[in-house]
Amino acid sequence: MRLLNASGCLDALAAPDVARSLDVFVTKTVTPLPREGNAPVRIAEVDHGMLNSIGLANPGIDNFLSHSLPRLGELGVPIWVSVGGFAASDYADLCDRLDDCQEVAAIELNVSCPNVDDVPASVGGIVGAARAATRKPIYTKLSPATADVAAAARAARDAGTDGLSLVNTILGLALDERTLRPTLSRGRGGLSGPALKPIALAAVYACYEATGLPIVGMGGITSGRDALEFVAAGASDVALGTILFSDPGASTRISRELQAELAAVPVDSPDNAIGLAHAAPTFAEGVARRDTSLPV
Amino acid sequence: MRLLNASGCLDALAAPDVARSLDVFVTKTVTPLPREGNAPVRIAEVDHGMLNSIGLANPGIDNFLSHSLPRLGELGVPIWVSVGGFAASDYADLCDRLDDCQEVAAIELNVSCPNVDDVPASVGGIVGAARAATRKPIYTKLSPATADVAAAARAARDAGTDGLSLVNTILGLALDERTLRPTLSRGRGGLSGPALKPIALAAVYACYEATGLPIVGMGGITSGRDALEFVAAGASDVALGTILFSDPGASTRISRELQAELAAVPVDSPDNAIGLAHAAPTFAEGVARRDTSLPV
Amino acid sequence: MKRARAEILGTEPVGPYTLLRIRRGGLEPGIPGQFFMLEAPGRQLPRPMSVCLAPPGELAFLIDPIGPGTRALAAVERGDELGVLGPLGNGYDLDIESPLLVGGGIGVAPLPYLSDALGHPPALLGFRSERHAEAARLVHNAEVVVEPKLVTEPLRDLATDCCKVLACGPEAMLRAVADVIPAAQLAWEAPMACGYGACYGCAVEIDGELKRLCVEGPVLAAEAVAA
Amino acid sequence: MKRARAEILGTEPVGPYTLLRIRRGGLEPGIPGQFFMLEAPGRQLPRPMSVCLAPPGELAFLIDPIGPGTRALAAVERGDELGVLGPLGNGYDLDIESPLLVGGGIGVAPLPYLSDALGHPPALLGFRSERHAEAARLVHNAEVVVEPKLVTEPLRDLATDCCKVLACGPEAMLRAVADVIPAAQLAWEAPMACGYGACYGCAVEIDGELKRLCVEGPVLAAEAVAA
Ligand SMILES: Cc1cc2nc3c(=O)[nH]c(=O)nc-3n(C[C@H](O)[C@H](O)[C@H](O)COP(=O)(O)OP(=O)(O)OC[C@H]3O[C@@H](n4cnc5c(N)ncnc54)[C@H](O)[C@@H]3O)c2cc1C
Ligand SMILES: Cc1cc2nc3c(=O)[nH]c(=O)nc-3n(C[C@H](O)[C@H](O)[C@H](O)COP(=O)(O)OP(=O)(O)OC[C@H]3O[C@@H](n4cnc5c(N)ncnc54)[C@H](O)[C@@H]3O)c2cc1C
Ligand SMILES: Cc1cc2nc3c(=O)[nH]c(=O)nc-3n(C[C@H](O)[C@H](O)[C@H](O)COP(=O)(O)O)c2cc1C
Ligand SMILES: Cc1cc2nc3c(=O)[nH]c(=O)nc-3n(C[C@H](O)[C@H](O)[C@H](O)COP(=O)(O)O)c2cc1C
Ligand code: FES
Ligand code: FES
């Protein structure tokens with residue numbers, strides 16, 4: 001099990017030490033052209049999480065390749081590049097540009113950003129186009145804002161994705177304490193943090209069952225216990241997002257906490273806990289100590 | 001603005017006093033045939049809400065009409081009947097059966113229960129069939145688990161719904177503290193409570209903008225401030241769900257708190273706060289006291 | 001049912017359990033076997049707890065801290081206030097001759113109040129360990145067995161049809177009691193979100209159908225529950 | 001930048017504001033105008049706060065309780081611990097002649113530390129009310145104006161190019177200062193989730209492009225900000 005940052009939640013060049021504390025650094029989503037992102041205000045706190053409407057602010061693939069990537073390569077941490085576009089061909093072009101870069105360990109397809117108006121084409125179409133353009137491992141990042149996330153996961157698998165990143169944010173709204181108008185200039189924004197956790201966990205659980213693909217689990221992880229639950233639900237790796245804003249040292253703390261949690265399960269390594277939530281009842285009952293008294 | 005219970009969160013026959021504390025009582029969803037619901041365990045607490053996988057346990061329309069409805073009629077509270085099925089024709093039949101019942105003030109179409117396997121047909125098809133079957137006011141209850149809830153709202157409006165109920169639960173997962181297996185027998189269940197609030201608020205905001213229809217807002221409302229935010233986002237009425245489990249007296253408390261909140265806005269009645277979040281900036285700035293120092 | 005904010009008069013350890021005492025105020029203690037929903041500080045949902053003791057002006061609950069809710073309840077402090085709702089559900093039928101109380105583990109919780117109501121009839125209590133067995137001191141006239149010994153062994157000899165059994169405990173024990181004494185009254189558990197019939201979360205199979213335990217029970221006739 | 005859990009040494013009211021003092025421990029106070037991200041107890045995100053004073057072994061922050069985060073910070077108690085991260089961003093350029101400090105409202109926050117660093121140069125402070133003006137006592141050698149009078153009036157006479165202006169305050173004031181003194185150094189605000197360049201939430205228009213205030217600022221040359 002590896003500990004990653006969630007895309008858009010860490011700039012390795014602004015905070016190299018934080019990036020080095022991770023097993024993999026994932027870039028903010030890179031698009032074909034530079035984007036300033038949405039107008040401020042573009043973050044807001046809510047009671048059990050936060051909203052963002054950054055809108056894929058990024059230098060564009062050209063500047064990324066010429067300026068950012070070489071410096072990222074010097075970090076000594078495997079680099080995953082998150083890419084986003086508005087048509088399958090955008091994704092294909094981006095993957096094609098990245099295919100020869102030896103600094104790039106894998107590509108994450110962000111087909112799920114809630115903060116851009118043009119919704120990208122079908123997941124299958126995008127993944128297929130990307131698959132044809134690169135031999136790098138592809139992780140497809142899905143949105144939980146769908147009636148059947150497992151269907152999207154199957155489409156991605158059938159089109160050739162190597163893994164899934166689950167989940168992206170889901171649209172939420174916050175109103176200003178005094179004006180009652182949306183805090184974010186754009187109105188709605190993507191909800192992340194603890195409020196998202198049960199939804200993310202459900203997506204990981206369903207997609208693991210539906211595809212058996214490797215999954216990077218994320219969504220409201222703040223503790224080793226949270227990380228363990230994502231692994232048990234089916235994640236082979238986990239990513240930290242919002243928690244990094246309040247605790248840049250979260251990865252070290254969470255790995256430590258995870259070890260303690262594993263001892264209690266008891267399982268010797270995180271990898272042996274992958275999919276535990278799907279284990280045969282017999283095993284689980286073995287783990288459970290005391291019989292509850294539900295007459296069923 | 002009226003205060004309702006959220007469907008499935010109150011049994012007026014088991015707790016008549018609580019029902020009488022509301023402006024409208026909404027029944028648990030009634031289906032064509034009786035349903036036992038899903039096997040226990042079917043509720044679980046999560047950090048900022050709860051999950052349920054009740055699965056539309058209900059006596060079926062025949063028993064409902066013969067036994068429940070007459071007794072509900074004696075409560076002295078307007079009755080909304082929530083109906084659910086698995087095909088447009090089910091909804092049409094249910095609406096047809098209810099059309100002559102003078103105890104029934106309105107019908108809520110639950111097209112969004114996450115706890116039944118057969119997903120109902122298209123929203124437009126269901127609403128159209130229901131519309132043809134009854135002259136009663138129809139409120140269509142939508143799920144937030146979609147990339148574009150406003151599109152579903154438009155479809156419902158175009159098919160003739162009189163209003164919208166927003167939102168139903170969204171699938172979540174909880175793992176048992178010790179066994180790491182799903183707490184619910186069914187695995188995933190519908191997330192409700194505070195964690196759902198920003199998502200619900202966003203759905204109300206988007207659907208108000210898209211349709212201008214009357215909206216019953218719900219999702220994590222626990223205080224008068226929460227109720228005010230739903231109204232500002234565009235709800236003309238609000239419903240209480242999960243909060244009723246821990247506080248059966250919530251409606252009285254929340255109405256009191258709402259009055260205090262209105263005085264602060266300042267707005268004289270809840271109805272004058274409907275859609276305030278969409279008001280022209282000028283107005284909102286008028287409400288805002290102090291200029292912040294964002295250089296944009 | 002009545003809802004109140006009740007002052008906490010104190011907590012004391014009883015073996016691994018915690019006895020939580022609150023000011024009764026205007027609350028009725030109800031019939032033994034009935035329960036209250038207690039606010040679990042910091043949690044979303046209240047937790048069902050049987051009335052354990054009802055001395056004048058007080059209500060007491062015996063809590064087994066097994067998870068977030070019960071741990072939060074065991075950690076409350078004297079002087080704090082707690083939202084409570086009750087009494088709820090159906091208690092034991094007390095109109096019986098020569099009762100015998102049977103409890104297992106935290107299932108002992110409703111028995112002290114039940115014993116007082118019945119004039120301290122004989123009781124048979126089973127526990128997982130000597131430490132858990134400390135809770136037996138709350139029940140007059142009790143015979144105690146500790147695992148590996150089970151209450152069902154002495155029960156076989158004692159309770160033919162000489163006496164009426166009123167029991168509370170883990171599922172396995174209740175099922176065993178039901179086998180030996182079909183006429184027993186058994187208090188069951190289920191996860192509960194509301195305790196007053198609103199959520200349908202507490203469904204259990206009763207007389208062959210899923211019904212709400214908080215409405216039909218928690219005390220049920222042994223025959224009512226499928227074997 | 002360094003992260004630590006710092007002990008709270010105390011809080012005291014300063015007019016409507018709260019002065020929060022923490023143990024410095026291994027933290028660097030940084031350059032005046034730099035800021036720290038302070039954990040806001042019970043909230044999801046930390047809040048950016050300018051270093052107000054840096055006496056030996058301490059760091060002090062002046063807090064205007066305007067919302068959930070600042071209210072939570074103003075309510076912390078002596079002995080509590082707080083997660084803090086910093087110093088962050090770019091402070092004022094101190095290598096200047098005859099400085100003049102200008103502050104408006106809570107914008108006074110960074111000026112006491114800045115004044116100490118510059119040997120107590122003259123300062124011009126504007127406040128909404130006499131009560132808010134109590135904060136002026138934290139800054140040596142300060143002239144105070146209270147609304148309806150605005151700092152920009154005396155500023156016109158005082159600061160031709162006789163002196164270099166270092167300012168902090170609400171947007172309207174900063175823009176007015178920029179008009180009068182294009183060479184001024186201005187400390188701006190933006191909502192910040194991380195404070196160290198990770199979230200891109202603090203974007204403001206700098207030299208015609210949206211850039212991260214926590215990385216490029218918070219202190220910027222007046223020319224850098226679009227009129
Ligand atoms: C009518 C009624 C009356 C009750 N009276 C009492 C009472 O007087 N005293 C009392 O202590 N409890 C009583 N209970 C049980 C009590 O309500 C539950 O134990 C409590 O709700 C659990 O909440 P929790 O958040 O602490 O644990 P949960 O999070 O609900 O469960 C925590 C963990 O404990 C495990 N678990 C579940 N049940 C048990 C168990 N029985 N033993 C060990 N682990 C278990 C679960 O697998 C889970 O991992 C009663 C229940 C009912 C329905
Ligand atoms: C680099 C930097 C340094 C800062 N230094 C300080 C400092 O030393 N002391 C200090 O008190 N603050 C300082 N601030 C501002 C402070 O960080 C914010 O006020 C704080 O984050 C607000 O959080 P909140 O949750 O309390 O309020 P929020 O929930 O963020 O806002 C609460 C309400 O206040 C309103 N609001 C927004 N800004 C203002 C305002 N300026 N006045 C009144 N209402 C407003 C909003 O409309 C909202 O309704 C600094 C900001 C930055 C970027
Ligand atoms: C400020 C911010 C910016 C984000 N930017 C991106 C992005 O550029 N691309 C992407 O795929 N996800 C982005 N996300 C989503 C996160 O990668 C992650 O999926 C989500 O935040 C859930 O994880 P968390 O709850 O741990 O934050 C962003 C999230 C936040 C909070
Ligand atoms: C236990 C439970 C049962 C529910 N049953 C129904 C139902 O039968 N029909 C329906 O439309 N919604 C049902 N819901 C959803 C609620 O009506 C409501 O949409 C949701 O809980 C969000 O509101 P809340 O956060 O205030 O609970 C149920 C919710 C809960 C918690
Ligand atoms: S606990 Fe809610 S219906 Fe029984
Ligand atoms: S506050 Fe996060 S990038 Fe500036």
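Quick note on labels: first sequence line is chain A, next is B, and so on, each numbered from 1.
- Between atom OH of residue A:Tyr205 and atom CG of residue B:Leu171 there is a gap of 12.0 Å, rounded to the nearest 0.5 Å.
- Formation of a donor-acceptor pair under 3.5 Å by the B:Arg181 side chain with backbone atoms of A:Ala279 is found in this model.
- Only the backbone of B:Asp176 comes within less than 4.5 Å of a heavy atom in chain A; its side chain stays farther off.
- Using non-hydrogen atoms only and a strict 4.5 Å limit, the part of residues 217-227 of chain B facing chain A consists of B:Arg225.
- Taking 4.5 Å as the limit, every side-chain heavy atom of B:Leu175 sits out of range of all side-chain heavy atoms of A:Leu276.
- Taking CG from A:Leu191 and NZ from B:Lys197, the interatomic distance works out to 11.5 Å, rounded to the nearest 0.5 Å.
- Counting heavy-atom pairs closer than 4.5 Å to chain A, the top-ranked of the candidates B:Ala206, B:Ala277, B:Ala195 is B:Ala277.
- Between A:Leu173 and B:Pro198, the closest side-chain pair of non-hydrogen atoms is not below 4.5 Å.
- You'll find the side chain of A:Ile170 reaches within 4.5 Å of the side chain of B:Ile170, heavy atoms only.
- To the nearest 0.5 Å, atoms CD (B:Glu229) and CD (A:Glu177) are separated by 9.5 Å.
- To the nearest 0.5 Å, atoms CZ (A:Arg188) and CG (B:Leu201) are separated by 11.0 Å.
- Contact of the B:Thr146 side chain with the A:Thr146 side chain is not registered, since no non-hydrogen atoms from C-beta on lie closer than 4.5 Å.
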